[in-house]
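Numbers restart at 1 for each chain; the letters A, B, ... are given by sequence-line order, proteins then strands.
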Amino acid sequence: MKNSILSLLQATTLDVQTVAKGWVRHKRSSQNVSFVTLNDGSTIKTLQIVADADKFAEELKRIHTGACLEVHGKLIASQGAGQSVELVAEKIIVLGEANPEHYPLQPKEHTLEFLRENAHLRARGNTFSAVFRVRHALGYAIHKYFNDNGFYYWHSPIITASDAEGAGEMFQVTALDLKNLPKDDKGNIDFKQDFFGRPTNLTVSGQLEGELGAMGLGKVYTFGPTFRAENSNTTRHLAEFWMIEPEMAFYDIHDNMDLVEDFLRYLIKYALDNCADDLEFLDQRFLKEESKKKKEEQAEMSLVEKLRFVVENQFERLTYTEAINILLNSNYHKKKKFLFEVKWGIDLQSEHERYLVEKHFKKPVILTNYPKAIKAFYMKQNENEEAGKETVRAMDVLFPGIGEIVGGSQREEVYERLKARTDEMHITEELSWYLDTRRFGTAPHSGFGLGFERLVLFVTGMGNIRDVIPFPRTPLNASF
RNA sequence: UCCUCCUUAGCUCAGCAGGUUAGAGCAACUGACUGUUAAUCAGUAGGUCCUUGGUUCGAGCCCAAGAGGGGGAGCCA
């Protein structure tokens, strides 16, 4: 009774009674017999049900794409081409009809935009079920990798009173009655009367709390939802996304790079080894999408080829300064094809990153040692540098087609130096608990943040981040 | 938030220079067909042409504002 369609399709003993349950993908009828393909999410493949037209006349009238069936019958070697086994129905129970007058999905290709507007039903299609199976596999592989490598799963808070990290606009969390806000003597909102007695927000990063974990447990990682209230409308931003943030005591920036590279290659290999059917399907979809593009914009490799390439080749590692020099010496720069000026000190624009990754190196790139001025306060400062050219041990991993997939750094562990930065930003008091890690038993340490959906985007070859999370949250969109 | 493109049947799209009954494929429905593979064939039904206002004798088409969506940019993961 617990047969999945995956297990039925792999069955070695045939001509036995069995039961299959699933949703109808398609029905084809001829005079004497109807064929119904059934899918239950256990695989991208479908099981063909063979139903006698007279015997199941009533049931067949109620069976349309999207209906849910329980079919009892005999599993036999298929008489037709296209599948190895099929189920000859002896009893069909229609568990749920899907009235075709109202059910939006049809046995045809829909646009991703249409499916996005029907996100409550899109797990029932090939593309999205494949994407979500791969998403699951990657999520599992993340836990497996860290567990196998001595990391502890560390839960940083979702609700936080800290807004010091500066990672982006925050969603406020309050239990106050917004129609009747309490005010203090000065007429400001009196947060002392709020649930936590102070203003609170949804987390934009678990990093600072992750560091606290690393300073006792050694190696930890967080993997949880993260929230940014930015008005971002792009194919690679979400207001609610999942982030993986490992934090390791005694790791310097080079250990950090070794880890992130090994980690990413492991995850991609895991997907190749465990999601072959889904990736093959997604690859066909990917190639179809690519063929619509102009010749010069088409990808040079198929999806699976691209994934294998990343697994088999080392990432390119270089410093920010080296990257700037490559950009300055490029034909793109000489022909003035860059919209934004290239010079030491700028924050690299998308076009610059894309040039480095997609045109120059044609592989993933790890950039390090960014100018201090454009990076976060907690990053470790390099020693003995020319004034005005100070750099920090930051590390960004850039992927083709995705851009920044990982941002990380070695952390500043010297109390005086870190405090100098928090003083500049007037956050020393607020972050006293964070600074305490440097006051008591400080240690060199490093970490990074991986955007989970960006990884899923890369592995599945999808083009829009809204299509790799079941229920995307973006500006003006919180349906379902 | 900025730039740009788009919105016509349940879905994907066409619609000639603004001209009278707005089309196709798929889906649905009816029927035909020796087990099909996005089956095939014949027929039927299905539309506030995103909304509002304007120009015009006349608007799916032109103009303006608004709404929704795509792509690019910024912010970043």
Side-chain angles (χ1 to χ4, degrees), chain A residues 25-37 45-46 48-53 61 64-66 76 78-83 86 88 98-118 125-126 165-169 203-207 222-245 260 293 297 339-340 347-351 353-354 374-376 396-399 402-408 448-458 463-469 474-477 479:
Chain A
R25 282 296 171 76
H26 203 74
K27 180 179 75 172
R28 291 180 293 273
S29 301
S30 60
Q31 194 170 24
N32 301 318
V33 68
S34 278
F35 302 93
V36 178
T37 49
K45 294 175 179 159
T46 53
Q48 173 160 284
I49 308 296
V50 183
D52 184 273
K61 273 185 199 165
H64 297 94
T65 296
I76 63 165
S78 180
Q79 294 176 32
Q83 59 281 318
E86 61 192 19
V88 180
N99 184 340
E101 298 288 326
H102 301 109
Y103 184 64
L105 305 186
Q106 296 160 22
K108 58 169 280 185
E109 279 188 33
H110 286 103
T111 58
L112 296 173
E113 291 80 11
F114 175 74
L115 291 167
R116 221 171 277 153
E117 286 164 15
N118 291 279
N126 280 337
E165 221 243 330
E169 293 296 313
T203 183
V204 291
S205 165
Q207 180 201 316
T222 71
F223 185 179
T226 309
F227 307 88
R228 306 260 168 104
E230 300 286 346
N231 190 10
S232 291
N233 292 287
T234 78
T235 54
R236 51 187 193 287
H237 286 87
L238 292 164
E240 175 182 301
F241 63 100
W242 289 67
M243 187 153 64
I244 298 100
E245 294 180 286
V260 74
K293 296 184 184 169
E297 288 172 11
L339 292 171
F340 292 86
D347 211 350
L348 294 178
Q349 302 292 319
S350 275
E351 57 174 352
E353 295 180 349
R354 293 184 75 115
I374 60 171
K375 285 292 182 184
D396 283 2
V397 182
L398 309 178
F399 263 36
I402 307 290
E404 186 178 341
I405 197 167
V406 167
F448 61 82
L450 166 66
F452 185 50
E453 283 76 17
R454 289 189 181 175
L455 174 70
V456 181
L457 206 51
F458 182 76
N464 191 318
I465 202 162
R466 295 164 198 186
D467 295 330
V468 298
I469 186 168
T474 53
L476 299 176
N477 186 1
S479 306

**Study point:** Polar side-chain atom of A:R454 near backbone of A:R236 as donor-acceptor pair, under 3.5 Å
**Key:** yes
Point to revise | Pair of N/O donor and acceptor under 3.5 Å linking B:G10 base with A:Q106 side chain | key: yes
Check your understanding: Out of B:U36, B:U1, B:G70, which has the shortest distance to the side chain of A:N231?
Key -> B:U1
Check your understanding: Do A:F452 and A:F223 have their ring centres less than 6.0 Å from each other?
Key -> yes
Check your understanding: Looking at A:H110 and A:L115, what are the two nearest heavy atoms and their distance?
Key -> CB-CG, 3.9 Å
Practice item. Round to a whole Å and report the spacing from CG of A:L105 to C1' of B:C11. Key: 10 Å
Practice item. Ignoring backbone atoms, test whether A:H64 places a side-chain nitrogen or oxygen under 4.0 Å from the OP1 or OP2 oxygen of B:C29. Key: yes
Point to revise | A:S232 side chain near B:C75 phosphate (N/O to OP1/OP2, under 4.0 Å) | key: no
Review point. Looking at the side chain of A:K108, which of B:U36, B:G71, B:U12 is the nearest nucleotide?
Key: B:U12
Exercise for review: Could you pick out which residue, A:P475 or A:L348, lies toward the 5' side of RNA chain B when each is mapped onto its nearest nucleotide?
Suggested key: A:P475
Review point. Which pair of non-hydrogen atoms, one from A:S205 and one from A:M243, has the smallest distance, and what is that distance?
Key: CA-CE, 4.0 Å
Review point. Can A:F241 be called stacked on B:A77 when the rule is centres closer than 5.5 Å and an angle between planes below 30°?
Key: yes
Check your understanding: Can you check whether A:G206's main-chain N or O pairs, donor with acceptor, with A:E245's side chain at less than 3.5 Å?
Key -> yes
Revision key, fill the gap. Checking B:C75, B:G70, B:A77 against the side chain of A:R116 (C-beta onward), the nearest is B:G70
Check your understanding: Is A:R466 touching bases, backbone alone, or none of the nucleic acid, heavy atoms closer than 4.0 Å?
Key -> sugar-phosphate
Check your understanding: Does atom NZ of A:K45 have more than 12 heavy-atom neighbours from other groups under 6.0 Å away?
Key -> no
Review point. What's the CG-P distance between A:L450 and B:A77, to the nearest Å?
Key: 11 Å
Exercise for review: Measure distances between side-chain N and O atoms of A:R28 and base N and O atoms of B:A38, and say whether any donor-acceptor pair falls under 3.5 Å.
Suggested key: no
Exercise for review: Pick the C1' atom in B:A67 and in B:G31, then give their distance to the nearest Å.
Suggested key: 44 Å
Study note, to complete from the structure: Smallest heavy-atom separation, A:F340 atom then A:E351 atom, equals N-OE2, 2.7 Å
Point to revise | Closest approach of A:N99 to A:E101 (non-hydrogen atoms, all atoms of both residues) | key: OD1-N, 2.8 Å
Study note, to complete from the structure: Checking B:U37, B:A73, B:G35 against the side chain of A:Q79 (C-beta onward), the nearest is B:G35
Review point. Using the C1' atom in both, what is the distance from B:A45 to B:A28, to the nearest Å?
Key: 9 Å
Review point. With respect to the side chain of A:Q31, which nucleotide from B:A27, B:G70, B:C33 is positioned closest?
Key: B:C33
Review point. Closest to the A:Q83 side chain: B:G69, B:A73, B:U36?
Key: B:U36
Point to revise | Gap between atoms CG and C1', on A:L339 and B:G74 respectively (whole Å) | key: 13 Å
Practice item. Using the P atom on both, measure B:G10 against B:A73 and round to a whole Å. Key: 35 Å
Exercise for review: Check every strand shown and say whether A:E86 touches a base, only sugar-phosphate, or nothing at a heavy-atom separation below 4.0 Å.
Suggested key: base
Exercise for review: Using a strict 4.0 Å threshold on nitrogen-to-oxygen distance, state whether A:K375 and A:D396 make a salt bridge.
Suggested key: yes
Review point. Taking only residues two or more places apart in sequence or in another chain, which ones pass salt bridge (Lys or Arg N to Asp or Glu O under 4.0 Å) with A:E109?
Key: A:K288
Review point. With a 4.0 Å cut-off on heavy atoms, is A:I405 in touch with a base, just the backbone sugar-phosphate, or nothing at all?
Key: sugar-phosphate
Review point. Separation of A:R354 atom CZ from B:G72 atom P, in whole Å?
Key: 8 Å
Check your understanding: Which residue, A:K27 or A:F35, contacts RNA chain B at a nucleotide closer to its 5' end, judged by nearest heavy atom?
Key -> A:F35
Revision key, fill the gap. Of B:A77, B:G74, B:G68, the nucleotide closest to the side chain of A:L476 is B:G68
**Study point:** Short side-chain N/O contact from A:Q349 to OP1 or OP2 of B:G74, under 4.0 Å
**Key:** yes
Review point. Reckon A:R236 has a side-chain N or O less than 4.0 Å from the OP1 or OP2 of B:G72?
Key: no
Review point. Base, sugar-phosphate alone, or nothing: which one does A:T37 contact when heavy atoms must sit under 4.0 Å apart?
Key: nothing
Review point. Between the base of B:G69 and the side chain of A:E113, is there any donor-acceptor pair under 3.5 Å?
Key: no
Practice item. Take atom C1' in B:U44 and the same atom in B:G54, then report the distance between them in whole Å. Key: 41 Å
Check your understanding: Touch check for A:L238, heavy atoms < 4.0 angstrom, all strands: base, sugar-phosphate only, or nothing?
Key -> base
Review point. On a whole-Å scale, what distance lies between the C1' atoms belonging to B:U1 and B:C11?
Key: 33 Å
Point to revise | Between B:A9 and B:G15 - C1' atom distance, rounded Å | key: 14 Å
Check your understanding: Closest to the A:H237 side chain: B:C26, B:C75, B:A77?
Key -> B:C75
Review point. Between B:U12 atom C1' and A:E117 atom CD, what is the distance in whole Å?
Key: 14 Å
Review point. For atom C1', what is the distance between B:A59 and B:C63, given to the nearest Å?
Key: 11 Å
Practice item. Assign A:G80 to base, sugar-phosphate, or nothing according to its heavy-atom contacts below 4.0 angstrom with the strands shown. Key: base
Point to revise | For RNA chain B, stems built from three or more consecutive Watson-Crick or G-U wobble pairs below 3.5 Å | key: B:1-7 with B:67-73, B:10-13 with B:23-26, B:28-32 with B:40-44, B:50-54 with B:62-66
Review point. Looking only at side-chain N and O atoms, does A:T111 come under 4.0 Å of OP1 or OP2 in B:U12?
Key: yes
**Study point:** Inter-nucleotide C1' distance (B:A42, B:C33), Å rounded
**Key:** 11 Å
Point to revise | OP1 or OP2 of B:G74 under 4.0 Å from side-chain N/O of A:S350 | key: yes
Point to revise | d(CE, A:M243; C1', B:C76) in whole Å | key: 10 Å
Check your understanding: Which atoms form the tightest heavy-atom contact between A:K61 and A:H64, and what is the distance?
Key -> O-CE1, 3.3 Å
